[in-house]
Each structure stands twice: as structure tokens, then as C-alpha cells.
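Here the structure is laid out as C-alpha cells; the discussion comes afterwards.
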Protein chains: 2
Amino acid sequence: MKMTVPETTGTRMRADERRALVLEAATQVFGERGYHGATTDAVARAAGVSQPYVVRMFGSKEALFIAVLDRALDRLMDTFAAAVEQTDAAVAAGDTETVTHCIAQNYVGLLGDRGLLLSLMQAFMLGADPVIGPAARAGMRRVYEFLRANAGMGPGEAHEFLAMGMMLNTLVGLRMADDYEREPAVRELLDEALPTKLDFLLSLRDAES
Amino acid sequence: MKMTVPETTGTRMRADERRALVLEAATQVFGERGYHGATTDAVARAAGVSQPYVVRMFGSKEALFIAVLDRALDRLMDTFAAAVEQTDAAVAAGDTETVTHCIAQNYVGLLGDRGLLLSLMQAFMLGADPVIGPAARAGMRRVYEFLRANAGMGPGEAHEFLAMGMMLNTLVGLRMADDYEREPAVRELLDEALPTKLDFLLSLRDAES
DNA sequence: GGTTGTGGTAATCGGATGATAACTAGCGGT
DNA sequence: ACCGCTAGTTATCATCCGATTACCACAACC
């Protein structure tokens with residue numbers, strides 16, 4: 001009974017590691033093409049495994065998407081929670097930073113993981129689906145209730161914050177930054193939507209393969 | 001050369017009428033299930049024609065979606081333009097109504113045609129698509145430029161207005177109203193998002209088949 | 001050094017789906 | 001009456017995709 005943790009030294013990987021890899025790949029693919037547009041084969045190739053393995057690991061494509069949704073929400077809430085702590089510390093140090101501002105900063109950071117926010121949005125557009133719909137609604141509730149209960153926002157603040165978030169997600173989904181140089185109106189809109197972090201967003205766009 | 005307009009009295013319909021019917025049906029179906037999730041067969045059944053006819057009428061599913069997108073944008077701009085005129089008339093009469101408020105009112109009215117706004121949102125999530133992406137970006141630009149040039153909004157106003165619109169679209173896509181009675185948080189959020197027209201939205205939900 | 005369990009893959013199937021081809025029928029003009 | 005054009009259909013194809021089955025291989029443990 002040594003109970004050693006397998007080190008993944010050889011050609012094979014531990015199942016939970018591989019699972020995390022597949023979830024990451026699936027997040028990207030689902031974010032890019034949406035639930036119906038994504039194929040389990042594309043996820044498998046992105047993760048470097050075979051297509052049947054992806055399906056068997058999660059039971060079905062639908063279950064995989066739910067897992068992606070849950071993971072995305074977990075990460076989102078972690079980011080928010082960290083932002084709240086960060087704000088508390090700043091306030092304790094005499095700073096006058098608002099929670100909303102601080103969370104917003106960290107939210108923009110999440111745009112770096114394009115798949116995460118887009119997978120969420122894709123789920124939000126599938127409210128009519130009998131399985132995904134309820135899960136997506138529960139996800140939105142979870143976010144809203146966090147903002148109200150843990151971030152100390154009022155109903156109006158929370159709603160406004162979510163509206164900004166949906167706008168940013170939409171602009172990312174549209175790949176609006178692709179037209180930043182070419183279209184003056186796009187430049188103006190993005191300058192307004194991302195007052196501080198715009199160079200960050202553009203660098204992400206250019207870093208794409 | 002009588003040049004009479006065929007009256008569609010018999011079993012057959014004029015092509016442009018049928019085309020409008022199919023476009024309306026496609027708007028609903030694409031809005032519900034997204035571009036990839038929608039099938040040309042579902043569109044055909046909703047329009048009461050055969051599946052091959054739908055495909056041949058537009059050339060491809062992709063072209064049909066682009067047509068749906070264009071029609072949705074046309075209707076959206078018409079609604080906005082009417083709201084601007086309405087505001088001008090109110091201001092001339094001594095009223096102090098803001099354009100933003102008036103457009104927002106009319107926008108909420110568009111929620112009645114659920115497919116219209118949802119088809120737009122579905123397009124906005126497909127920015128990575130080589131054909132749909134550019135069309136969707138052009139659509140968003142068209143809306144923004146109207147708000148800036150014709151509705152007299154500044155960059156900040158236009159951005160804020162769009163953010164509220166994206167939030168409302170998302171809530172509709174989520175079918176969030178389904179949880180209005182059951183979940184207090186949802187009730188609070190919807191009360192905040194739709195201060196005046198909430199009963200209208202709920203009546204729409206209940207009117208569904 | 002076999003044996004057992006875990007981490008995979010190759011082969012394949014069946015249903016769904018977009019598209020095409022070939023054909024049919026209503027309607028107006030002469 | 002028949003002729004040509006427009007509005008439609010039925011039948012069918014080729015492809016894609018999620019899922020299943022059966023099999024393979026590495027590694028730990030006795």
C-alpha cells in the first residue's frame with residue numbers, strides 16, 4: 001500500500017489529467033462553433049486523443065458540454081471571488097476601489113481565455129434546450145446571486161455589470177477586434193467598451209494561430 | 001399587357017410571398033436552435049413547404065441564414081428609425097423624452113418577435129465563421145452607426161444602450177422568464193432589467209405553444 | 001513473469017442532414 | 001385548346017457525426 005501518485009512519466013496519462021485536457025480543448029471548440037456546430041472529433045483532435053475516447057469519457061456530447069459549462073462557471077466564480085478579496089484588501093489599506101471596478105478588471109482578464117466566456121454565452125443562447133437550458137439558467141442565477149450576496153452589489157449595479165459583461169462577450173464572439181484598424185466606428189466602439197485593456201485584447205487577437 | 005398582380009387565390013402562392021413566409025419561419029427556427037442546430041427540414045415544416053424547396057429558394061442553408069440576418073437588421077433599423085421620428089415629434093410638442101429611452105421602449109417591443117433578436121444574437125456568436133462572421137460584424141456596425149449618426153447618441157450612450165440590448169437578448173435566449181415565479185433572484189433581475197414591460201414579457205412566455 | 005486493471009485506439013454503424021435531380025401541376029396569354 | 005413559365009414535390013444521394021464494440025498496451029502488484 002504505497003499509495004504513490006502516478007507521475008505520468010511514460011506515454012500514458014492519468015485519467016483526471018487527460019480529462020482536464022479534454023475539458024480545456026472542448027471549451028475552446030464549443031466557444032468557437034457553439035454546441036451544435038462543434039464536433040466531438042474536433043474536440044478530440046484539439047486534445048490529442050481519439051474521438052471515441054472523448055465520448056466515452058463523458059458519456060455523451062451533451063454531458064461534455066454540461067461539464068464545460070460547470071467548469072467555466074467555477075473558474076468565473078473563482079475569478080470573482082479573488083477580485084472581491086483583492087478589493088477588501090485595497091479598502092483595508094485605505095484605497096477607495098469599488099468592487100464593481102475591480103471585478104470588471106478581472107473579468108476583462110478572462111477575455112484572454114476566449115473559449116471560457118464564449119462557451120458560457122453559447123449556453124445562454126440554448127435556453128430552449130430541455131437539458132442545457134435549465135443548466136444555463138442555473139449558471140446565470142449563480143453569477144447573479146454571487147454579485148448580490150458576495151460582491152455586495154445592489155440589483156441595479158449587478159444588472160448593469162452583467163449588461164457590460166454580455167456586451168463584451170458579444171464583441172468577442174463577433175471577433176469585432178478584427179475590424180479595429182479598418183473601421184473607424186469599430187475603433188470607437190471598442191475604445192469605449194474597453195477603456196483600459198484594449199491593447200491587451202488586440203495582442204490576444206494577433207497572437208492567434 | 002394587363003400587368004395584374006397575381007392574387008394567390010388558388011393552391012399556389014407567389015414566390016415572393018412564399019419567400020417571406022420561409023424567412024419568417026427560418027427566423028424562428030434559427031433563433032431557437034442556432035445556425036448549426038437548425039435544420040432546413042425544420043424550417044420547411046414550420047413554413048409548410050418541402051425541405052428541398054427551402055434549399056433551392058436560397059441556394060444553401062448558409063445563404064438562407066444570411067438572408068434571415070439581413071431581414072432582422074432591416075426590421076431592427078426600421079423600428080429604431082420609427083422611434084427616432086416618434087421622439088422628434090414628442091420633443092417638438094414640448095415633451096422632454098430622450099431618444100435612448102424611446103428607442104429602448106421600442107426595442108423591448110421587439111422581444112415579442114423572439115426569433116428576430118435571437119437570430120441576431122446567434123449570428124453574433126459566429127464571428128469565427130468565414131462567411132457569417134463578416135456579415136455579423138457588418139450588422140453590428142450598422143446598428144452602432146445608426147445609433148451614433150441617426151439617433152444622436154454619443155459613443156458612451158450608444159455603448160451603454162447596446163449593452164442593455166445584449167443583456168435583454170441574453171435573458172430571452174436563456175428563457176429566464178421560465179423561472180420568474182420559482183426563483184426570487186430571477187424575479188429581482190427581471191424586475192430590474194425590464195422595469196416597465198415585464199408583464200408584457202411574461203404574457204409572451206405564457207402565450208407559447 | 002504472469003495477471004489484472006486502467007488508459008487508450010481502430011473499425012464501424014446507423015441516423016440525420018444538406019443538397020441534387022427528375023418530375024408534376026397550376027395559371028396566364030394567344 | 002395548348003403552350004410556356006412559374007411554383008412546387010418525391011425520391012434519392014453522399015456526407016458527416018455521435019455512439020458502440022471490440023480490441024490493444026502499459027504499468028503496478030504479487
Side-chain angles (χ1 to χ4, degrees), chain A residues 1-26 29-30 32-68 126 129-132, chain B residues 1-26 29-30 32-68 126 129-132:
Chain A
M1 259 321 199
K2 276 275 296 295
M3 218 50 176
T4 58
V5 177
E7 279 289 332
T8 49
T9 56
T11 64
R12 294 175 31 161
M13 200 175 275
R14 272 176 18 232
D16 55 342
E17 275 185 82
R18 190 66 86 181
R19 187 186 164 92
L21 223 70
V22 170
L23 273 176
E24 174 61 32
V29 175
F30 280 131
E32 290 280 322
R33 313 198 213 176
Y35 172 65
H36 292 286
T39 69
T40 55
D41 189 62
V43 172
R45 265 184 279 110
V49 295
S50 66
Q51 178 264 340
Y53 194 37
V54 170
V55 172
R56 214 190 41 185
M57 195 181 276
F58 293 89
S60 69
K61 179 186 176 182
E62 192 175 63
L64 170 60
F65 187 73
I66 299 286
V68 164
L126 292 177
D129 186 281
V131 175
I132 298 173
Chain B
M1 257 328 196
K2 277 275 296 292
M3 219 50 177
T4 58
V5 176
E7 279 289 333
T8 51
T9 57
T11 64
R12 298 179 22 165
M13 200 175 275
R14 272 175 20 232
D16 54 342
E17 275 186 80
R18 189 68 85 182
R19 187 185 163 93
L21 223 69
V22 171
L23 273 175
E24 174 61 31
V29 176
F30 279 130
E32 290 282 320
R33 313 198 215 177
Y35 172 65
H36 292 285
T39 69
T40 56
D41 190 62
V43 172
R45 266 184 278 108
V49 295
S50 65
Q51 178 264 337
Y53 195 38
V54 170
V55 172
R56 216 190 38 185
M57 194 181 277
F58 292 89
S60 69
K61 178 186 177 182
E62 192 175 65
L64 169 60
F65 187 72
I66 299 286
V68 165
L126 292 177
D129 185 281
V131 175
I132 298 173

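We name chains A, B, ... by the order of the sequence lines, and we start the count at 1 in each one. Values in this document were obtained by computation on a predicted structure and should not be read as measured data.
Atom CZ in F58(B) sits roughly 13 Å away from atom P in dA19(C) (whole-Å rounding). Protein atom OH of Y53(B) is 13 Å distant from nucleotide atom C1' of dA25(C), rounded to whole Å. Distance CZ (R33(A)) to P (dC16(D)): 13 Å, rounded to an integer number of Å. As a whole-Å value, the separation of Q51(B) CD from dT9(D) C1' is 12 Å. In this structure, M13(A) atom CE and dA27(D) atom P are separated by 13 Å, rounded to whole Å. Rounded to whole Å, atom P of dG18(D) lies 8 Å from atom CG of D41(A).
Phosphate contact (OP1/OP2 of dG8(C), side-chain N/O of R18(A), threshold under 4.0 Å): present. Taking 4.0 angstrom as the limit, R14(A) places none of its side-chain polar atoms (N or O) nearer than this to OP1 or OP2 of dT6(C). Note on T40(A): a side-chain N or O is less than 4.0 Å away from OP1 or OP2 of dG18(D).
Within 4.0 Å (heavy atoms only), A63(A) reaches no atom of the nucleic acid at all. Across all strands shown, A44(A) has no heavy atoms under 4.0 Å from either base or sugar-phosphate atoms.
Nearest nucleotide to the side chain of V55(A), out of dA7(D), dG18(D), dA19(C): dG18(D). Of the listed nucleotides (dG18(D), dT9(D), dT20(C)), dT9(D) has the atom at the smallest distance from the side chain of S50(B).
Atom-to-atom distance recorded for L23(B):CG and R18(B):CZ is 13.0 Å, nearest 0.5 angstrom. In this structure, the separation between NZ on K61(A) and NE2 on H36(A) is 7.0 Å, given to the nearest 0.5 Å. Interatomic distance, CD of Q51(A) versus CZ of R45(A), reported as 10.0 Å (0.5 Å rounding). A distance of 4.5 Å separates CG of L64(B) from CZ of F30(B), quoted to the nearest 0.5 Å.
Between P52(A) and M57(A), the residue anchored closer to the 5' end of DNA chain C is M57(A), taking for each the nucleotide with the nearest heavy atom. Nearer the 5' end of DNA chain D, as judged by each residue's closest nucleotide, is the contact made by H36(A), out of H36(A) and R56(A).
A donor-acceptor contact under 3.5 angstrom links the side-chain atoms of R12(A) to the base of dT6(C).
Residues L126(B) and R33(A) approach most closely at CD2-O, 4.4 Å, considering heavy atoms.
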